[in-house]
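Note: hydrogens, waters and symmetry copies are ignored here, and every other heavy atom, side chains too, is used. Throughout, protein chains are lettered first and strands after them, A, B, ... in sequence-line order, and every chain is numbered starting at 1.
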Amino acid sequence: MAHWLMKSEPSVWSWSQQVEAGPAGTYWNGVRNHQAKQHLMAMKEGETAFFYHSNEERAVVGIVEIIRTFYPDPSDETGKFGMVDVRAKAPLPKPVSLAAIKAEPRLAKMALVTNSRLSVQPVTDAEWEIVCGMGGC
DNA sequence: GCCAACGTTGGC
DNA sequence: GCCAACGTTGGC
């Protein structure tokens, strides 16, 4: 089972909004980058992703579950991009900050560190375990 | 608020 | 098809 990391600016779409959306979940739209699209297309139902707050907060704050695989994004008039549906699964008891991730040598290869602008990223099993350990989940 | 990194666009 | 110009993202 693959793992992922999805970034959002809290002022645009925050973890608390994701939690409020409840078990029905919401669509994750607005991705307009081909690399990110490839990752969205590779996601399978039931897989999990870290929910990362960029900009103001810069921390992994929760875990979401993919509940619907890739389908067209109606807000994209070119018809090229799509989205998946996700729902909040669990918060991280201790949010893991970007600084903490950068301070952990075993996480030096994370896409979050090496390609910070990519909004949807794959996370290896090893990285997932380490971040989970740091976050208390 | 600044700036580096990256992606996209458009002129040639 | 190349590359300069521009816009956007996101860390600091």
Side-chain angles (χ1 to χ4, degrees):
Chain A
M1 193 91 89
H3 300 292
W4 312 95
L5 182 145
M6 302 168 89
K7 293 197 300 191
S8 180
E9 293 188 42
S11 57
V12 176
W13 180 252
S14 70
W15 171 250
S16 60
Q17 286 174 290
Q18 186 69 57
V19 170
E20 279 164 26
T26 52
Y27 51 87
W28 192 280
N29 71 343
V31 170
R32 296 291 182 271
N33 171 284
H34 292 286
Q35 248 187 302
K37 179 194 166 186
Q38 294 307 311
H39 297 316
L40 285 178
M41 290 176 72
M43 290 178 176
K44 298 192 183 76
E45 227 177 274
E47 288 182 342
T48 47
F50 286 131
F51 191 114
Y52 176 81
H53 274 167
S54 64
N55 283 330
E56 302 97 282
E57 193 174 350
R58 270 166 284 128
V60 176
V61 292
I63 295 171
V64 293
E65 181 184 355
I66 313 303
I67 55 173
R68 182 175 174 188
T69 53
F70 191 83
Y71 62 103
D73 179 349
S75 73
D76 171 33
E77 67 278 3
T78 70
K80 286 184 194 161
F81 295 99
M83 58 196 191
V84 299
D85 285 0
V86 298
R87 72 171 164 224
K89 191 171 187 205
L92 254 69
K94 274 176 48 189
V96 179
S97 70
L98 180 64
I101 286 170
K102 286 191 166 172
E104 169 53 70
R106 289 176 299 163
L107 297 177
K109 294 225 176 87
M110 268 190 88
L112 194 62
V113 178
T114 60
N115 190 1
S116 67
R117 291 192 52 194
L118 185 58
S119 60
V120 181
Q121 319 178 344
V123 174
T124 67
D125 291 346
E127 289 163 353
W128 183 272
E129 288 305 318
I130 294 165
V131 175
C132 256
M134 292 163 75
C137 60

- prompt: Cut-off 3.5 Å, side chains only: do A:S75 and A:R32 have a donor facing an acceptor?
  reply: yes

statement: Distance col, row A:T26:OG1 vs A:R68:CZ, nearest 0.5 angstrom, shows 12.5 Å

query: Please, which pairs that meet side-chain hydrogen bond (donor to acceptor under 3.5 Å, both in side chains) have at least one residue in residues 125-135 of chain A, sequence neighbours excluded?
result: A:T124-A:E127

statement: note: A:N115, atom CG; C:dT8, atom C1'; distance rounded to Å ~ 14 Å

Might you list the N or O atoms of the protein lying below 3.5 Å from N or O atoms in nucleotides 10-12 of chain C, with each pair's distance?
residue : atom : partner : partner atom : Å
C:dG10  : OP1  : A:K7    : NZ           : 3.1
C:dG11  : OP1  : A:Y52   : OH           : 3.1
C:dG11  : OP2  : A:N55   : N            : 3.0
C:dC12  : OP1  : A:K102  : NZ           : 2.8

Restricting both atoms to N or O, compile the protein contacts to nucleotides 3-6 of chain C shorter than 3.5 Å, with distance only.
none

message: Mind checking if A:E57 touches a base, just sugar-phosphate, or nothing, with heavy atoms under 4.0 Å?
response: nothing

- request: If a pair satisfies ring-ring contact (aromatic ring centres under 6.0 Å, His included) and one of its residues is in residues 53-99 of chain A, list it, with sequence neighbours excluded.
  value: A:H34-A:F81, A:F51-A:H53

- prompt: Side chains of A:W13 and A:Q18: is there a donor and an acceptor less than 3.5 Å apart?
  reply: yes

message: Checking A:S16 now: which residues fulfil side-chain contact (heavy atoms from CB on, under 4.5 Å) with it, not counting sequence neighbours?
response: A:S14

message: Taking the side chain as everything from C-beta on, heavy atoms only, tell me whether A:L40 gets closer than 4.5 Å to A:V84.
response: yes

- prompt: Who are the salt bridge (charged side-chain N to carboxylate O under 4.0 Å, His left out) partners of A:E104, not counting sequence neighbours?
  reply: A:R106

